[in-house]
Amino acid sequence: MLKIKIITMFLSVYLVGGIMAQNIQELPERSQIDNKYKWDLSLIYANDQEWEKDFNYVKNNYQKYKDFEGKLTNSGKILYQALKFDEEIGIKLDKLSLYSSLSKDLDLTNTNYIAMAQRLQDLRVKISEITAFWSPELSTLTQEKLEKFYKEEKSLVQYKKFFDNVLRFKPHILSKDKEALIAQTMPVMTVPYEAFNTFVDAEMDFPVIKDEKGNDIKISQGRYGAAMASTDRDYRIRFYKNFYIPYMQYKNTLATLMLGNAKANIFDAKVRNYKSARAAALFQNNIPESVYDNLVNTCRENSHVVHRWVSIRKKLLNVKEYHPYDNYVTLFPSTKEEYTYDQAVEIVKNALQPFGEDYLKNLQMAFDHRRIDVFETKAKRSGAYSSSTTFRQEPYVLLNWNGTLSDVFTFAHEMGHNMHSYYTAYYQPYQYASYSIFLAEVASTLNEALLQDYLIKNAKSKEQKLALIEKAITGICATFFRQTAFADFEHKFYTALEEGKPLTADDLTEMYRNIYQEQWGPQMVVDNEEAYTWARVPHFYYNFYVYQYATSYAASLAIMEKYKNEGPKVLQDYIEKFLKAGSSKYPIDVLKDMGVDMNDPSVVKAVVNRMNELMNEMEKLLNEK
């Protein structure tokens, strides 16, 4: 009865939100933020007019692809010329995309940049159509013919790994006509994800509630993390319940978008002769499906460590019932600190000192060149990210700063991506100047591990040390176990669709609820709201992306342990063999160069063992007098 009354109260707040008190803490306008905390996109293009020049160049020259049609495999010289032309167009397209996508994310209501991004997408579709011959022609190459080409055109030798991948994809390359048809479906395939982003970030209306101090505050994506870290449990409950109201209200729309995205991926996989969408997604980077299954199964078999953590938290928080909104509040409130962004910059730079002078010098450029957009503003994209690698371009980082310790870790995380992209962009030739998602999260989570280690070593008290151990355990739950649960959920709903089973929003909700309950155990009370988490996670639109957070976490933990055992040379090898590797090798092989074999179940199990060790250390400190 009490729960019903509380929910009714929250609904009331939501319904009258538009006419509540005048002193609502609204998000600032972009013009109110100091320039040093905002991106300088003029380092990509001086202005929109310069962007237009490159756009028009590509638009006026891409037809030259036709000059190579039917000739790609005639000689090594022609093949090399085609690759260099493709490189010229590709470099400009990537640069155009970087500028337009970043500009759009700063204001998702700006129709100019929305239109710019759309025009670029339309141009990419046209290029895909005219180059439909490309893959089918390359797929006729044989190893014998390639060896002949390497001898007659020495410059082709640098493309050996590229051609190895071409041969690997042969069974999944379609005829020219079919490739052209698939290219025309590109705009349709991306609609669900684009619609989700626009709807959630720019159009979905969140309620206004009272914060801890009784002030009116409008709920937003960016404020969720800080709210869940609040020591005021009533505020956490208030924020949590209201945050999910629009997701529950629009559950059918959000389910249609997510399932539509999945069906598009399933269609593409079937057309290209893959046994499943998951098989297609993992094949891109030559990742065995056994890696995925090993991760999910090992986590499921060892969920008892998460259950143990719930038991510890429930006891220390002294609550009768433990709920999802209790997962992220600190157990040691006396150590809670707020951090300015400038403080965080110094902390992160100190924590990353073990990487050495070259790394730190290149890291500093991100600050000096205004490559970081720090604060949440109206209509800015929520969350945090580092832009992907763009050849010979410094990457950009988006933040939505709230001043919590979690924000400091997010900052270190994104700077890991940033440096990975930087080294890849400047140390690899164009054809290898990218890295797979499978490797991406290794760099980010290793930075987090170094930050964690630095903060624990510099803890000022037992309580602060306990808080940092707690943070490490929470990180394992969020980055390893939670992402694995997402991976489990993703595989299950894709499998259901591929088996022809109809799915509704309610089916997705129940499926997610069961996975969540199993992972967190019987002492967790799974609120109805939590079961709708599927509706707000953008990663479910990325096509079997989330499992890589967990595998990357396991790999980064292995590298961190090697560094602790063997010393600084490990991190120097990491810069040379990992950060600079790009896609010059397959992801599994890049990790093997660092001594990490992702086919070894013990790598995954090591994370479980680490979590137990941390809980043991926490209980030992708690028992000390």
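Being a predicted model, the structure only gives us computed values, none of them experimental.
Distance alone, capped at 3.5 Å, places no donor-acceptor pair between the N418 side chain and the E414 backbone. Although no hydrogens or angles enter the test, the distance criterion places no donor-acceptor pair under 3.5 Å between the side chain of T298 and the main chain of L295. Side-chain atoms of Y432 come within 3.5 Å of backbone N or O of F162 as a donor-acceptor pair. Judged by distance alone, with hydrogens and angles left aside, the side-chain atoms of N400 form a donor-acceptor pair with the main-chain N or O of G383 at under 3.5 Å. Looking only at distances, no side-chain donor or acceptor of N402 sits under 3.5 Å from a matching main-chain atom of T404. Using a distance-only test at 3.5 Å, with no hydrogens or angles considered, no donor-acceptor pair links the side chain of S139 to the main chain of L167. Remark: the backbone N or O of A412 is paired with a side-chain donor or acceptor of N447 at under 3.5 angstrom. In terms of modelled atom types and a separation under 3.5 Å, the side chain of Q428 and the main chain of A433 share no donor-acceptor contact. The closest donor-acceptor contact from the side chain of R236 to the backbone of S230 lies under 3.5 Å. S303 contributes no side-chain N or O that, together with a main-chain N or O of V306, makes up a donor-acceptor pair within less than 3.5 Å.
The nearest pair of heavy atoms linking P587 to I287 is CB-CD1, 4.1 Å. The two atoms that bring D201 and S382 nearest to each other are OD1-OG, 2.9 Å, heavy atoms only. Shown here for L439 and F578, the closest heavy-atom pair between the two residues is O-CZ, 3.4 Å. Nearest heavy-atom pair across A262 and L497 is CB-CD1, 3.8 Å. Between S220 and E376, the shortest heavy-atom distance links the atoms OG-OE2, 3.1 Å. Of all heavy-atom pairs between L591 and F438, the closest is CD1-CE2, 3.9 Å.
A donor and an acceptor atom, one from each side chain of E470 and T330, are located under 3.5 Å apart. Checked by atom type, the side-chain pair N612/R308 shows a donor-acceptor distance below 3.5 Å. In summary, the side chains of S388 and Y435 do not present any donor paired with an acceptor at a separation below 3.5 Å, with no hydrogens or angles considered.
Using bins of under 30°, 30° to 60° and over 60° for the plane-to-plane angle, the ring pair F544/H491 lands in the perpendicular bin. The aromatic rings of Y292 and Y547 sit tilted, their planes meeting at an angle between 30° and 60°.
Among Y385, Y545, F196, W534, the single residue meeting the ring pair (Phe, Tyr, Trp, His ring centres under 6.0 Å) criterion with H539 is Y545.
Remark: R536 is positioned above the aromatic ring of Y224, its terminal NZ or CZ atom under 6.0 angstrom from the ring centre and at most 45 degrees off the axis. A cation-pi arrangement, defined by a distance under 6.0 Å to the six-membered ring centre and an angle within 45 degrees of its axis, is present between K161 and Y586.
Side-chain contact between I476 and W309 is absent, with no heavy-atom pair separated by less than 4.5 Å. The side-chain heavy atoms of S290 and N599, taken from C-beta on, include a pair separated by under 4.5 Å. The side-chain heavy atoms of D326 and Y240, taken from C-beta on, include no pair separated by under 4.5 Å. By the 4.5 Å heavy-atom criterion applied to side chains, E194 and Q121 are counted as neighbours. Counting heavy atoms from C-beta outward, T533 and Y512 have side chains that approach closer than 4.5 Å. Using a 4.5 Å cut-off on side-chain heavy atoms (C-beta onward), T551 and E441 make no contact. Side-chain contact check for N327 versus C477: every heavy-atom pair is 4.5 Å or farther apart. By the 4.5 Å heavy-atom criterion applied to side chains, T390 and Y396 are not counted as neighbours.
The 12-atom threshold is exceeded at NZ of K580, counting heavy atoms of other residues, nucleotides or ligands nearer than 6.0 Å. K315 NZ: 12 or fewer foreign heavy atoms inside a 6.0 Å radius. Annotation for K314: atom NZ counts as buried by contact number, over 12 foreign heavy atoms lying within 6.0 Å.
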**OP:** Apply side chain to side chain contact (heavy atoms under 4.5 Å, CB included) to L571 and Y359, showing your working.
**Re:** CA-CA 10 Å; L571 294 185; Y359 185 99; over 6 Å; no
Original post:
Can you list the steps and then say if T190 with M186 is a side chain to side chain contact (heavy atoms under 4.5 Å, CB included)?
Top reply: CA-CA 7 Å; T190 60; M186 282 175 59; 5.9 Å; no
**OP:** Carefully, step by step, assess N265 and Y494 under the rule side-chain hydrogen bond (donor to acceptor under 3.5 Å, both in side chains).
**Re:** CA-CA 9 Å; N265 290 328; Y494 263 86; 2.9 Å; yes
Original post:
Between Y553 and T484, is a side chain to side chain contact (heavy atoms under 4.5 Å, CB included) present by the stated rule, with each step listed?
Top reply: CA-CA 11 Å; Y553 187 90; T484 303; over 6 Å; no
**OP:** Would you sort out whether V442 and M594 count as a side chain to side chain contact (heavy atoms under 4.5 Å, CB included), showing the intermediate values?
**Re:** CA-CA 12 Å; V442 175; M594 287 302 303; over 6 Å; no
Original post:
Under the side-chain hydrogen bond (donor to acceptor under 3.5 Å, both in side chains) criterion, do D600 and S602 qualify, and how do the steps go?
Top reply: CA-CA 5 Å; D600 184 352; S602 66; 2.8 Å; yes
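Here Y250 and F199 bring their ring centres to under 6.0 angstrom of each other. Ring-centre distance between Y193 and Y542: below the 6.0 Å cut-off. Not less than 6.0 angstrom separates the ring centroid of F486 from the ring centroid of Y549. Taking the six-membered ring for Trp, H172 and F283 have ring centres closer than 6.0 Å. A centroid separation of less than 6.0 Å is found between the aromatic rings of F243 and Y247. Ring centroids of F489 and F493 are separated by less than 6.0 Å, placing the two rings close together.
Between R278 and E498 no salt bridge is recorded (no basic side-chain N to carboxylate O distance below 4.0 Å). Residues D573 and K562 are not paired through a salt bridge, judged by the lack of any N-O separation under 4.0 Å between the basic side chain and the carboxylate. Under the 4.0 Å criterion applied to side-chain N and carboxylate O atoms, D527 and K241 are assigned as salt-bridge partners. Using a cutoff of 4.0 Å between basic side-chain nitrogens and carboxylate oxygens, D507 and K501 are not scored as salt-bridged. Of the charged side-chain nitrogens involved, at least one lies within less than 4.0 Å of a carboxylate oxygen, so that E289 and K275 count as a salt-bridged pair. With salt bridges taken as basic N to acidic carboxylate O contacts below 4.0 Å, one links D94 and R124.
Remark: S584 pairs with no residue by the side chain to side chain donor-acceptor pair (under 3.5 Å) rule, at least two apart or across chains. Residues that satisfy the side chain to side chain contact (heavy atoms under 4.5 Å, CB included) test with K492, not counting sequence neighbours, are R300, D488, M511, I515. By the side chain to side chain contact (heavy atoms under 4.5 Å, CB included) test, Q452 is found to be paired with F409, I456, L468, K471, A472, residues two or more places apart in sequence or in another chain being considered.
Rounding to the nearest 0.5 Å gives a distance of 10.5 Å between CG of L254 and CD of Q249.
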